[in-house]
Amino acid sequence: MSLPEITAPVSLTRTDGRLNPAAVGWARQPLVETAGVKRGRGRTKRWEYWGVVTDNHLVGVTVSSIDYAAVHEVWIREIDSAREWHRTATVLPPRGVTLPESLGRGPVRARTRGLAVDIDEVAGGTHLRASIEGAEIDIVAALPPGHERLAVVVPWSETRFQYTVKDVARPASGTLTLDGRRVELPEGRSWAVLDHGRGRWPYDIRWNWGAGAGTSGDRTIGIQVGGRWTEGTGSTENAVVIDGRVHHIPVELTFDYDIARWRTPWRISGGGLEATFTPFHLKATHRNLGLLAAHTDQCFGHWSGTFTDPEGTVTPFADLAGWCEEVHNRW
């Protein structure tokens, strides 16, 4: 049974900090207020992740506070040259980090040695700025009028729950400055994706997440798929966004892939979606500190396939840029 669509603002938590049952569902806009998600006992996780893809550059910016640490990353890869500019930071206890109580309600800031990130809502979009040694990011992710954003509450229990906003197919513009060389993002071929998260997580969790964006024919298409972590909750974070309109997929998808043979195309299917993801680059991040571990295999590549909506309309898509990943965290 699919969960209801949320159409009015609602608080994620009750006054006692437990999950508000009225917030469980999905929405086309970030209607869930998350001010009640406070630090405490190591389980609270808050983050903003922006990924940007262009013809020749891959960009990732993370600002997070996971209760006992602030964990940030700025990463740029130039596809043609295979050069990378990369900086990660783990700050214990968390300091030098600012995250709004709810999405869009204030600035995002990260300051630590060798890394600075500023994310601000501006007229017409979101301004992403970041600086590490040898690289600067200055990008605006446009928010077109009427653009919809998939928002989902995933309920594991009254005390373990996650609110996620997956915002795909945001047109991106701006510049990268790489070792003093200024690179303009190509107009119409640059796309930004947001993963906004607020919640309280189980200690041991696995997930798949995939996103893609681009134009196919005369349509603007966004792909948003996820799995494993939502199983058994009734919630799903699956959707195809067509010309800014979210088509939610209320069923778990099948992910068919082998991370040991990551160059082999991935197959993702279910709920009217038949997609093939063909990777060309693997970004592997594996950290094992015993009780704490984070293993992420994020593949970048291109999406092709079809989506058939409940009315039977078939929308084909091809060569959408994006990624698909496998994650296992003990955190």
Side-chain angles (χ1 to χ4, degrees), residues 1-10 12 19-34 49 51 102-104 143-156 161-170 191-199 207-214 216 219-255 267-275 277 303 305-317 320 322-325:
M1 179 178 177
S2 60
L3 293 176
E5 180 178 350
I6 297 168
T7 57
V10 62
L12 178 61
L19 176 65
N20 177 12
V24 177
W26 69 279
R28 300 178 183 277
Q29 296 293 349
L31 295 174
V32 178
E33 302 287 340
T34 55
Y49 169 83
S102 297
L103 179 59
L143 184 62
H147 176 87
E148 296 182 348
R149 300 171 273 180
L150 179 66
V152 177
V153 173
V154 176
W156 294 290
F161 47 85
Q162 170 70 356
Y163 172 59
T164 183
V165 177
K166 297 293 174 53
D167 187 1
V168 298
R170 295 274 296 268
W191 303 93
V193 172
L194 169 64
D195 173 10
H196 164 93
R198 299 289 188 274
W207 70 74
N208 292 117
W209 175 38
S216 191
R219 316 299 294 271
T220 298
I221 308 292
I223 302 295
Q224 161 55 41
V225 295
R228 302 174 83 171
W229 72 291
T230 57
E231 290 177 359
T233 68
S235 292
T236 70
E237 60 163 357
N238 305 314
V240 175
V241 181
I242 303 173
D243 294 332
R245 176 73 172 176
V246 166
H247 297 260
H248 182 233
I249 301 173
V251 300
E252 294 288 344
L253 302 180
T254 299
F255 285 73
R267 314 287 182 184
I268 296 91
S269 60
L273 179 67
E274 296 291 337
F277 174 73
W303 293 85
T306 60
F307 173 65
T308 304
D309 69 21
E311 287 71 45
T313 301
V314 179
T315 302
F317 54 89
L320 307 182
W323 57 83
C324 213
E325 68 182 23

Undergrad: CG/N208 to CD/E325 distance, rounded to the nearest 0.5 angstrom?
TA: 8.0 Å
Undergrad: Applying side chain to side chain contact (heavy atoms under 4.5 Å, CB included), can you list everything that pairs with T254, at least two apart in sequence or on another chain?
TA: S269
Undergrad: Please test L143 against R149 for side chain to side chain contact (heavy atoms under 4.5 Å, CB included), starting from the C-alpha separation and ending with a verdict.
TA: CA-CA 10 Å; L143 184 62; R149 300 171 273 180; 4.1 Å; yes
Undergrad: What residue among V225, T306, T315, L273 forms side-chain contact (heavy atoms from CB on, under 4.5 Å) with V240?
TA: L273
Undergrad: Please list, chain by chain and in numerical order, all residues satisfying ring pair (Phe, Tyr, Trp, His ring centres under 6.0 Å) with W303, sequence neighbours excluded.
TA: F277
Undergrad: Run the numbers on W191 and T220 for side chain to side chain contact (heavy atoms under 4.5 Å, CB included), then give the verdict.
TA: CA-CA 11 Å; W191 303 93; T220 298; 3.8 Å; yes
Undergrad: How far apart are the closest heavy atoms of A169 and I221, and which atoms are they?
TA: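 Nearest heavy atoms, A169 then I221: CB-O, 4.1 Å.
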Undergrad: Would you say H248's side chain and T236's backbone share a donor-acceptor pair under 3.5 angstrom?
TA: yes
Undergrad: Look only at the side chain of S235 and the backbone of V153, and say whether a donor-acceptor pair between them is shorter than 3.5 Å.
TA: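 Present.
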Undergrad: Does W26 form a side chain to side chain contact (heavy atoms under 4.5 Å, CB included) with V246? I'd like the steps, not just the answer.
TA: CA-CA 11 Å; W26 69 279; V246 166; 4.3 Å; yes
Undergrad: H147: what forms a ring pair (Phe, Tyr, Trp, His ring centres under 6.0 Å) with it, not counting sequence neighbours?
TA: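 Partners of H147 under the ring pair (Phe, Tyr, Trp, His ring centres under 6.0 Å) test: none.
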Undergrad: Looking just at side-chain N and O atoms, do W229 and E237 make a donor-acceptor pair shorter than 3.5 Å?
TA: yes
Undergrad: Could you tell me if W156 and Q162 have a donor-acceptor pair between their side chains, going purely by distance under 3.5 Å?
TA: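 The criterion, which ignores hydrogens and geometry beyond distance, is not satisfied for W156 and Q162.
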Undergrad: Between P30 and V165, which heavy-atom pair has the shortest distance, and what is it?
TA: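 For P30 versus V165, the nearest heavy atoms are CB-CG2, 4.1 Å.
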Undergrad: Who pairs with T7 by side chain to side chain contact (heavy atoms under 4.5 Å, CB included), at least two apart in sequence or on another chain?
TA: E5
Undergrad: Nearest 0.5 Å, what's the CD-CD1 distance between E148 and I242?
TA: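 So the gap between those two atoms works out to 11.5 Å.
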Undergrad: Nearest 0.5 Å, please: how far is NZ in K166 from CG in L150?
TA: 8.0 Å
Undergrad: Can you name the residues that form a side chain to side chain contact (heavy atoms under 4.5 Å, CB included) with T230, not counting sequence neighbours?
TA: V154, T233, E252
Undergrad: Enter the distance from T164:OG1 to H196:NE2 here, rounded to the nearest 0.5 Å.
TA: 8.0 Å
Undergrad: How long is the span from the CG atom in L31 to the OH atom in Y163, to the nearest 0.5 Å?
TA: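 Nearest 0.5 Å value for the CG-OH distance: 6.5 Å.
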Undergrad: Could you give me the CA-CA distance, side-chain angles and deciding distance for R28 and R245, then say whether side chain to side chain contact (heavy atoms under 4.5 Å, CB included) is met?
TA: CA-CA 8 Å; R28 300 178 183 277; R245 176 73 172 176; 3.5 Å; yes
Undergrad: Out of curiosity, I223 CD1 to I268 CD1, how far, rounded to the nearest 0.5 Å?
TA: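 Going from the CD1 atom of I223 to the CD1 atom of I268 covers 9.5 Å.
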Undergrad: Can you name the side chain to side chain contact (heavy atoms under 4.5 Å, CB included) partners of A192, sequence neighbours left out?
TA: W50, V52, A141, R170, A172
